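Keep in mind it's a predicted model, so treat the numbers as computed, not measured. Count residues from 1 along the sequence.
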Amino acid sequence: MKFRTRVILLLLVLAIASNGVLLALVYSPARRHLLQQMGTTVLSIAATAASAVDGEKHQAIKSRADEKTSPYREIEAELRKVRDANRRDDDINVKYVYTMTPHPTERGVGLFAVDAEEKEDDKSHVGDIYKARGSNAFIDFEKYQVQPGFVEDQWGTWLTANAPIRDHAGKSVAVLGVDVDARDALHKLDLLLWSGCGALGASMLLAVVMAAVISQRISEPLTVLRRGAEAVGAGDFTTEVKLPRGDEFGEVAAAMNTMIAGLRERENLKGTLVRYVSSDMAEKILKSGQMPELKGDRRKITLLFADVRGFSTIAESLKPEEVVALLNEFFEKMIEAIFKHGGAINKFLGDGFMAVFGAPMDDEFQEEHAVRATLDMRAALGALRERWKLSHAVELRAGIGINTGTAIVGNIGSHQRMEYTAIGDAVNIASRLETASKELGTDIVVSEYTYVTVRSQFPFQQLRSIPVKGRTDPVIVYGVSPLVPEAG
């Protein structure tokens with residue numbers, strides 16, 4: 001097999017292997033990210049809609065006969081508003097919106113309560129069992145959740161999110177479910193895969209063309225060198241290898257000419273033909289890394305809790321679709337600030353969230369990064385506040401609590417459902433600081449444990465000591481100047 005043919009085959013194999021591996025490495029995370037993004041959006045819709053449902057009215061709906069009552073009709077109208085507002089020709093197209101109550105005997109199984117559908121074939125009635133197939137369909141009536149994978153029921157296959165509906169005492173009385181047709185998600189995944197395959201095919205075609213061109217350029221100087229070597233081998237010591245190049249091939253040609261000149265001077269000397277082979281050049285293009293082990297361990301982390309102030313009041317003053325838009329915009333800006341400084345969103349808590357710095361990847365500057373992320377959040381929230389105040393007369397404010405301490409970090413849960421999270425006293429303190437931010441009259445509250453590490457880097461102001469449930473000693477807290485006073 002000629003060298004040129006080998007070069008073409010080698011470059012083609014390298015193109016197929018490298019692009020195939022790249023496609024596999026890119027597609028899997030992209031697929032996972034797309035499903036997570038869609039799940040987050042659907043969960044946000046469910047959480048916002050659930051906050052607008054009156055838990056006391058929902059408790060009055062107990063049998064099919066209650067479908068003609070005022071509470072049922074009012075909740076049904078609210079669900080239809082949410083459904084219709086999110087039936088769009090964009091990334092998320094909501095198919096069904098409904099509520100469910102717990103099955104009296106079977107854990108994780110729901111009974112339909114209020115269904116937004118008008119068609120009798122699609123509508124579920126009070127007391128109908130939610131017939132989801134597969135062990136992955138488990139309804140947690142206490143938590144906000146996106147069902148893992150796709151859920152199959154009597155109407156089709158769905159990407160489903162559930163959010164608890166609570167009464168005035170905060171007790172969960174039902175869940176609100178939002179279904180997105182799985183065909184939408186699968187269509188996007190197919191487009192992603194076909195795009196990758198198209199790119200792979202294009203790269204293969206380009207590799208063939210480039211391999212032909214490169215092999216031609218490589219084989220030309222080899223042919224010149226071969227002819228010179230053949231001439232010398234035949235005893236022609238007057239030949240000269242003409243290869244005016246500045247690369248390794250040019251160096252070989254110059255060396256060969258020097259050798260030929262020496263042979264001419266020593267005609268009686270019969271030597272052997274010396275072959276000069278240039279050294280291969282290797283370049284490292286990927287750096288290997290080790291993913292952190294997701295197991296429970298004790299480590300120092302910095303926790304950040306953030307929550308929208310008076311969200312229930314805001315939700316009551318706006319249309320459901322406006323509430324969804326506000327909450328989505330708030331999360332987008334806040335999460336952007338967290339990610340910018342190396343933090344990780346651990347969980348969503350209705351209209352708030354919990355972020356962690358220092359896990360799962362170690363961060364020796366976690367306290368600084370957490371405070372800087374908070375300052376970016378403050379700036380982004382200020383811009384949101386002005387815009388929503390002008391457009392919807394809404395005073396958008398948030399409380400943020402930051403604490404550093406040792407916690408147990410890892411997979412927490414059961415075989416049916418697990419989540420990577422942090423538990424411990426440090427988490428409780430951070431949550432308490434976020435709650436205390438309103439009574440302290442500021443938007444950001446930092447514990448003394450975080451403050452002691454970054455006190456020279458930011459303009460802090462000591463506030464006072466606050467008690468924490470389960471702890472004997474109070475915690476000294478600080479605000480990050482300039483303090484933002486609370487309205488009212």
Side-chain angles (χ1 to χ4, degrees), residues 40-41 44 47-48 51 302-319 321-346 348-357 365-403 430-447 450-451 454-455 457-463 477-488:
T40 299
T41 303
S44 177
T48 304
S51 66
T302 297
L303 300 114
L304 184 152
F305 278 76
D307 187 77
V308 177
R309 293 284 170 71
F311 183 75
S312 298
T313 303
I314 294 176
E316 292 175 358
S317 65
L318 298 176
K319 297 178 181 178
E321 55 268 26
E322 293 175 335
V323 176
V324 172
L326 183 149
L327 196 58
N328 287 342
E329 191 172 14
F330 169 78
F331 279 137
E332 180 179 358
K333 296 299 182 182
M334 299 302 102
I335 294 172
E336 180 180 348
I338 296 295
F339 287 171
K340 176 182 176 182
H341 295 281
I345 300 299
N346 185 262
F348 289 97
L349 306 167
D351 54 339
F353 61 86
M354 167 184 165
V356 180
F357 294 78
F365 303 107
Q366 57 183 259
E367 297 90 345
E368 176 187 350
H369 291 162
V371 176
R372 292 197 184 280
T374 305
L375 294 178
D376 286 354
M377 292 166 63
R378 172 189 277 171
L381 187 60
L384 288 177
R385 183 185 303 114
E386 292 300 322
R387 182 161 67 255
W388 280 84
K389 185 175 182 180
L390 292 175
S391 60
H392 295 82
V394 170
E395 189 72 12
L396 183 62
R397 293 185 176 275
I400 303 172
I402 302 176
N403 178 54
S431 177
R432 174 67 179 95
L433 298 189
E434 180 274 313
T435 304
S437 62
K438 184 173 183 179
E439 63 189 68
L440 293 172
T442 183
D443 58 341
I444 302 173
V445 178
V446 179
S447 75
T450 303
Y451 163 81
V454 294
R455 58 188 175 188
Q457 297 177 261
F458 302 97
F460 289 100
Q461 179 176 342
Q462 182 173 339
L463 301 175
V477 296
Y478 300 81
V480 184
S481 302
L483 298 180
V484 178
E486 294 293 322

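- Classification of the Tyr451-Tyr478 ring pair by plane angle, with boundaries at 30° and 60°, yields parallel.
- Within the 4.5 Å cutoff, side-chain heavy atoms of Met354 are placed close to those of Leu303.
- When side chains are defined from C-beta on, Val446 does not count as touching Leu433, because their heavy atoms never get closer than 4.5 Å.
- Atom OG1 of residue Thr435 and atom CG of residue Asp307 lie 7.5 Å apart, to the nearest 0.5 angstrom.
- Remark: Glu336 does not engage Lys340 in a salt bridge, criterion side-chain N to carboxylate O under 4.0 Å.
- Counting only heavy atoms from C-beta outward, the side chains of Phe311 and Ser51 approach each other to under 4.5 Å.
- In this structure, CG in Leu318 is found 11.5 Å from CG in Leu327, a value given to the nearest 0.5 Å.
- Remark: the backbone N or O of Ala337 is not paired with any side-chain donor or acceptor of Arg372 at under 3.5 angstrom.
- Between Ile400 and Met377 there is a side-chain heavy-atom pair separated by less than 4.5 Å.
- With a 4.5 Å cut-off on side-chain heavy atoms, Leu381 and Lys333 do not count as touching.
- Residue Asp443 holds its CG atom at 4.0 Å from CZ of Arg378, rounded to the nearest 0.5 Å.
- Side-chain contact between Thr302 and Asn403: absent, with no pair of heavy atoms (C-beta onward) separated by less than 4.5 Å.
- Under the 4.5 Å side-chain criterion, counting only non-hydrogen atoms from C-beta, Phe331 is not in contact with Thr40.
- In this structure a side-chain-to-backbone donor-acceptor pair under 3.5 Å is present from Thr48 to Ser44.
- For the 3.5 Å distance criterion, the side chains of Trp388 and Glu395 fail to qualify, holding no donor opposite an acceptor.
- Between Phe357 and Phe365, a ring centre-to-centre spacing not shorter than 6.0 Å is recorded.
- Within a 6.0 Å sphere centred on CZ of Arg455, heavy atoms belonging to other residues, nucleotides or ligands number 12 at most.
- The two residues Ile345 and Ala355 make their nearest non-hydrogen contact at CD1-CB, 4.1 Å.
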field: Leu396 vs Lys389, side-chain contact (heavy atoms from CB on, under 4.5 Å): CA-CA, chis, key distance, verdict
entry: CA-CA 8 Å; Leu396 183 62; Lys389 185 175 182 180; over 6 Å; no

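- Summarising the geometry, atom CD1 belonging to Ile444 is positioned 11.0 Å from atom CG belonging to Leu463; distances are rounded to the nearest 0.5 Å.
- Here the straight-line distance linking atom CD of Glu332 with atom OG1 of Thr41 works out to 9.5 Å at 0.5 Å rounding.
- Once rounded to the nearest 0.5 Å, the distance linking CE of Met334 with OG1 of Thr374 reads 10.0 Å.
- Between Phe305 and Leu349 the shortest side-chain heavy-atom distance falls below 4.5 Å.
- Checking side-chain atoms of Ser391 against main-chain N and O of Arg387 turns up a donor-acceptor pair under 3.5 Å.
- For Phe330 against Ala398, the heavy-atom pair with the smallest separation is CE1-CB, 4.1 Å.
- When the shell of 6.0 Å around CZ of Phe458 is examined, it contains more than 12 heavy atoms from other residues, nucleotides or ligands.
- Without hydrogens or angle criteria, Ser447 side chain to Val477 main chain gives no donor-acceptor distance under 3.5 Å.
- With salt bridges taken as basic N to acidic carboxylate O contacts below 4.0 Å, none links Glu434 and Arg432.
- Among all heavy-atom pairs drawn from Ser317 and Val394, the shortest one is OG-CG2, 4.4 Å.
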